[in-house]
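Heads up: the structure comes next, in structure tokens.
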Amino acid sequence: MKRLRSSAKKLMILLSLLLLTVPAFFIPTGANDAEMTFHAIYVGSGDALVISSGGHYMIVDSGPPDSSSMVMNYLEKLHIPDNKIDYVVATHPDGDHVGNFDKIFQKYDVGQVIYSPCTKANATYANFIQSVKEKGCSYRNPVEGESWKVGDAIVTVVYDGSQGSTYNECSIVLRVTCGGKSLLLTGDLPSTTESLLLSKGYNFKSDVIKIGHHGAGSSSSAAFLDAVDARYAVISSFRGANASFPKDSTLKKLARRFVKVYKTSDADVVIRFKNGNITTSNKESQKFISIRNGIIALSNNVFYASGKAIKPKVSLIVNGQVVPATQYKIKYSSNKRTGFGKVKLTGTEVKYVSTCSTTFMILPRRETLNGEAAATNKIRLKWSLQKYATGYQIRYSKNKKFKKGVKYITIRSPETTTATLSNLSFNRKYYIAVRAYKSNIGNGKWSKTLTVKTKKKPKPKKVRIKDFLKTDHGVTIQWKKQSKKYKAGYIVQYSKDKTFKKGVKEVVMKKVSSNFIRLKTANQKTPYYIRIRGFNKYGKGKWSKSLKF
């Protein structure tokens with residue numbers, strides 16, 4: 001391969017030409033009322049592109065020699081005024097890009113030819129160069145950053161092809177802007193050059209891209225497509241059964257980025273730019289569809305932990321259509337314990353590509369509750385541990401259906417699995433349930449209702465007098481001690497009335513350890529009767545049998 005290198009003389013010529021085009025750098029990018037049409041002609045395997053705006057035309061590449069009738073017939077239908085074409089651009093010297101320029105030069109008046117600095121030693125390229133010279137029109141290599149007008153459109157050289165070492169690497173890259181929207185033409189630029197230019201800070205951002213090298217896998221890297229960030233892509237491709245391009249890998253990358261794809265193998269592509277809008281009547285090519293923004297419908301969005309994997313049934317809807325289950329793979333994760341379970345769908349890449357995901361709630365499992373009445377007015381409870389919960393809620397009531405008088409207790413620790421209900425009514429049935437909860441998720445189901453009856457009031461037992469001793473000065477009476485719980489003590493009554501109806505004297509003893517009393521009985525002429533009973537804070541016990549002394 002021979003490369004066109006600048007000599008000192010040629011450099012001066014290029015600088016002079018650059019000075020002539022300087023004013024174009026300052027041309028406004030176009031108002032919203034500007035309009036332009038982009039044509040991608042089907043030429044079999046090759047590129048033939050036309051930009052038309054306001055009666056002005058630019059042709060970028062011309063297809064292979066065997067497609068001359070396709071190109072010339074298409075141009076004929078455009079009814080180009082005065083057969084005048086403002087610019088012709090040969091992005092690089094491959095025959096499928098420069099094969100019909102000689103036919104175009106024969107019929108049309110060409111203003112200026114711009115071609116890649118890379119040359120190729122074959123008959124097709126030589127014929128192109130010879131026809132340019134015979135036409136006698138201006139021809140030159142481009143300069144990066146220069147711009148020129150084609151009607152309302154502004155054409156800017158993004159990359160001039162000077163940094164490549166292969167034919168494709170020398171492809172000229174143009175951005176055509178009209179009405180605030182832009183089109184990127186990349187020739188056969190390979191990913192090696194894409195990466196090089198991106199690393200140097202080249203800006204390729206555009207709304208529409210002509211995909212490089214007919215959709216070959218060696219072009220249109222993911223990083224490059226991300227940098228362009230186009231919404232529409234045009235691919236010049238062959239429609240034969242043995243067509244090599246576009247590669248599925250390229251179409252998948254475009255599908256993953258939701259780029260609308262139009263192929264010349266389906267039909268000549270025509271895209272219109274007008275009033276800041278982009279439209280086309282071409283049918284979108286959808287060999288692959290991204291599921292990234294698909295809607296996932298689950299059989300249920302809320303489940304309860306059970307210790308086993310939860311796998312809800314899945315339906316996937318993309319662009320309003322239900323995707324067959326054979327077109328994606330399902331992966332569940334975090335689906336055993338309380339929290340959020342996840343469902344991730346991955347396209348099998350037969351038709352659908354990319355991934356999409358959703359979540360579902362897993363609430364705490366249903367608790368198992370046990371309990372028993374404790375001493376006095378208490379109930380002790382115990383339930384199962386749920387370490388992935390935040391804590392537990394207890395509810396209890398004297399009403400079996402929990403319709404009234406319901407009280408709640410919140411325990412903010414998943415490790416705590418016991419509790420005691422206190423200050424309950426004596427000798428009453430209580431209905432109790434517990435459930436686990438997870439903050440920001442929700443509550444588990446209430447356990448089965450536990451019924452526990454509290455114990456009766458712990459009243460003192462009937463006092464039994466153990467001993468009594470009578471002397472000349474009095475009598476000492478002793479009885480069996482009672483439990484000292486619940487602020488216990490004794491009440492002692494004595495009277496000359498056997499029925500304790502009148503003349504009753506009473507002594508209150510507030511310590512259960514004081515289980516005896518001494519009464520003076522000197523000169524006693526009438527017998528006394530004495531009786532004793534215990535008491536505590538819950539009530540009084542029964543009277544002992546009365547003792548006569």
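Residue numbers run from 1 in the order of the sequence given.
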Exercise for review: Using the side-chain hydrogen bond (donor to acceptor under 3.5 Å, both in side chains) rule, take Q386 and Y392 through it: C-alpha gap first, then chi angles, then the decisive distance, then the call.
Suggested key: CA-CA 9 Å; Q386 294 201 50; Y392 308 92; over 6 Å; no

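- Annotation: the span from S191 atom OG to F224 atom CZ amounts to 10.5 Å, rounded to 0.5 Å.
- A donor-acceptor pair under 3.5 Å links the side-chain atoms of Q327 to the main chain of K351, judged by distance alone.
- Looking only at distances, a side-chain donor or acceptor of S62 sits under 3.5 Å from a matching main-chain atom of N100.
- The structure places CD of Q106 at 10.0 Å from OG of S68, a figure rounded to the nearest 0.5 Å.
- At least one side-chain heavy atom of V314 sits less than 4.5 Å from a side-chain heavy atom of Y332.
- Applying the side chain to side chain contact (heavy atoms under 4.5 Å, CB included) test between Y87 and each of I114, I59, V113 identifies I114 as the sole match.
- Using a 4.0 Å cut-off between a side-chain N of Lys or Arg and a carboxylate O of Asp or Glu, K205 and D229 qualify as a salt bridge.
- Counted within 6.0 Å of CG on N440, heavy atoms from surrounding residues, nucleotides or ligands total 12 or fewer; the atom is thus considered open.
- Residues V43 and V71 have side chains in contact (heavy-atom distance under 4.5 Å, counting atoms from C-beta outward).
- Looking at K210 and L49, their side chains come closer than 4.5 Å, going by heavy atoms from C-beta outward.
- Put simply, the side chain of M36 reaches to within 4.5 Å of the side chain of V176, judged on heavy atoms.
- Checked against F101 for a ring pair (Phe, Tyr, Trp, His ring centres under 6.0 Å), the options Y115, Y125, F128, Y139 give a single hit: F128.
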**Study point:** Derivation and outcome, side-chain hydrogen bond (donor to acceptor under 3.5 Å, both in side chains), residues D61 and T91
**Key:** CA-CA 7 Å; D61 293 333; T91 60; 2.8 Å; yes

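- Between the NZ atom of K103 and the OG atom of S67 there is a distance of 9.5 Å, given to the nearest 0.5 Å.
- In this structure, K120 is positioned above the aromatic face of Y167, its NZ or CZ under 6.0 Å from the six-membered ring centre and within 45° of the axis.
- The CD atom of Q286 lies 11.5 Å from the CG atom of L251; values are rounded to the nearest 0.5 Å.
- Between H214 and H97, the closest heavy-atom pair is NE2-NE2, 3.6 Å.
- For CG of N293, the number of neighbouring non-hydrogen atoms (other residues, nucleotides, ligands) closer than 6.0 Å is greater than 12.
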Exercise for review: Apply side-chain contact (heavy atoms from CB on, under 4.5 Å) to the pair Y328 and K344, showing each step before the final yes or no.
Suggested key: CA-CA 10 Å; Y328 55 86; K344 182 179 180 180; over 6 Å; no

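- At least one side-chain heavy atom of I104 sits less than 4.5 Å from a side-chain heavy atom of I85.
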Practice item. For Y108 and I80, run side-chain contact (heavy atoms from CB on, under 4.5 Å): C-alpha distance rounded to whole Å, both residues' side-chain angles, the deciding distance at 0.1 Å, then the answer. Key: CA-CA 9 Å; Y108 293 93; I80 298 173; 3.9 Å; yes

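- There is a side-chain donor-acceptor pair under 3.5 Å between D47 and S236.
- At a threshold of 4.5 Å between non-hydrogen side-chain atoms, the residues Q163 and K200 count as touching.
- Inter-residue side-chain proximity for T37 and F273 is flagged as unmet; no heavy-atom pair is nearer than 4.5 Å.
- Residues that satisfy the ring-ring contact (aromatic ring centres under 6.0 Å, His included) test with H39, not counting sequence neighbours, are Y74.
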**Study point:** side-chain contact (heavy atoms from CB on, under 4.5 Å) evaluation trace for L363 with Y437
**Key:** CA-CA 7 Å; L363 299 174; Y437 72 92; over 6 Å; no

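- In summary, the side chains of D109 and N83 do not present any donor paired with an acceptor at a separation below 3.5 Å, with no hydrogens or angles considered.
- Under the 6.0 Å distance and 45° angle rule, R337 counts as a cation-pi partner of Y388.
- In this structure, D94 CG and N122 CG are separated by 8.5 Å, a value rounded to the nearest 0.5 Å.
- A side chain to side chain donor-acceptor pair (under 3.5 Å) check over residues 262-271, counting only residues at least two apart or in different chains, returns the pairs S237-S265.
- Looking only at distances, no side-chain donor or acceptor of Q130 sits under 3.5 Å from a matching main-chain atom of A126.
- Judged by a 6.0 Å distance limit and a 45° cone about the ring axis, R175 is not positioned over the six-membered ring of F204.
- A salt bridge between K252 and E349 is present, with a side-chain N of the basic residue lying under 4.0 Å from a carboxylate O of the acidic one.
- Between F360 and F303, a ring centre-to-centre spacing shorter than 6.0 Å is recorded.
- Summarising the local packing, CG of N319 is surrounded by 12 or fewer heavy atoms from other residues, nucleotides or ligands at distances under 6.0 Å.
- Among all heavy-atom pairs drawn from S53 and A153, the shortest one is OG-N, 3.7 Å.
- Residues M58 and D86 fail the side-chain proximity criterion, which asks for heavy atoms closer than 4.5 Å.
- Distance check, rounded to the nearest 0.5 Å: CG of D160 to CG of L174 gives 10.5 Å.
- Nearest heavy-atom pair across S221 and K253 is CA-NZ, 3.9 Å.
- Just one residue in the list I278, N282, L183 forms a side chain to side chain contact (heavy atoms under 4.5 Å, CB included) with Y232, and that residue is I278.
- Across S220 and L225, no two heavy atoms sit closer than the pair O-CD1, 3.8 Å.
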Practice item. Output, in order, the C-alpha distance, side-chain angles, deciding distance and verdict of side-chain contact (heavy atoms from CB on, under 4.5 Å) for L189 and E194. Key: CA-CA 7 Å; L189 194 72; E194 292 171 357; 3.9 Å; yes

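- When every heavy atom of H213 is checked against every heavy atom of S219, the shortest pair comes out as CB-OG, 3.4 Å.
- For R140 and E146, the salt-bridge test passes: some basic side-chain N is under 4.0 Å from an acidic carboxylate O.
- The minimum heavy-atom distance between V110 and K135, with the atom names listed, is N-CE, 4.1 Å.
- In this structure, S116 contributes its side chain and C170 its backbone to a donor-acceptor pair below 3.5 Å.
- With respect to E367 and R435, no salt bridge is recorded, no charged nitrogen being found less than 4.0 Å from a carboxylate O.
- Between the side chain of N73 and the main chain of S69, a donor-acceptor pair closer than 3.5 Å is present.
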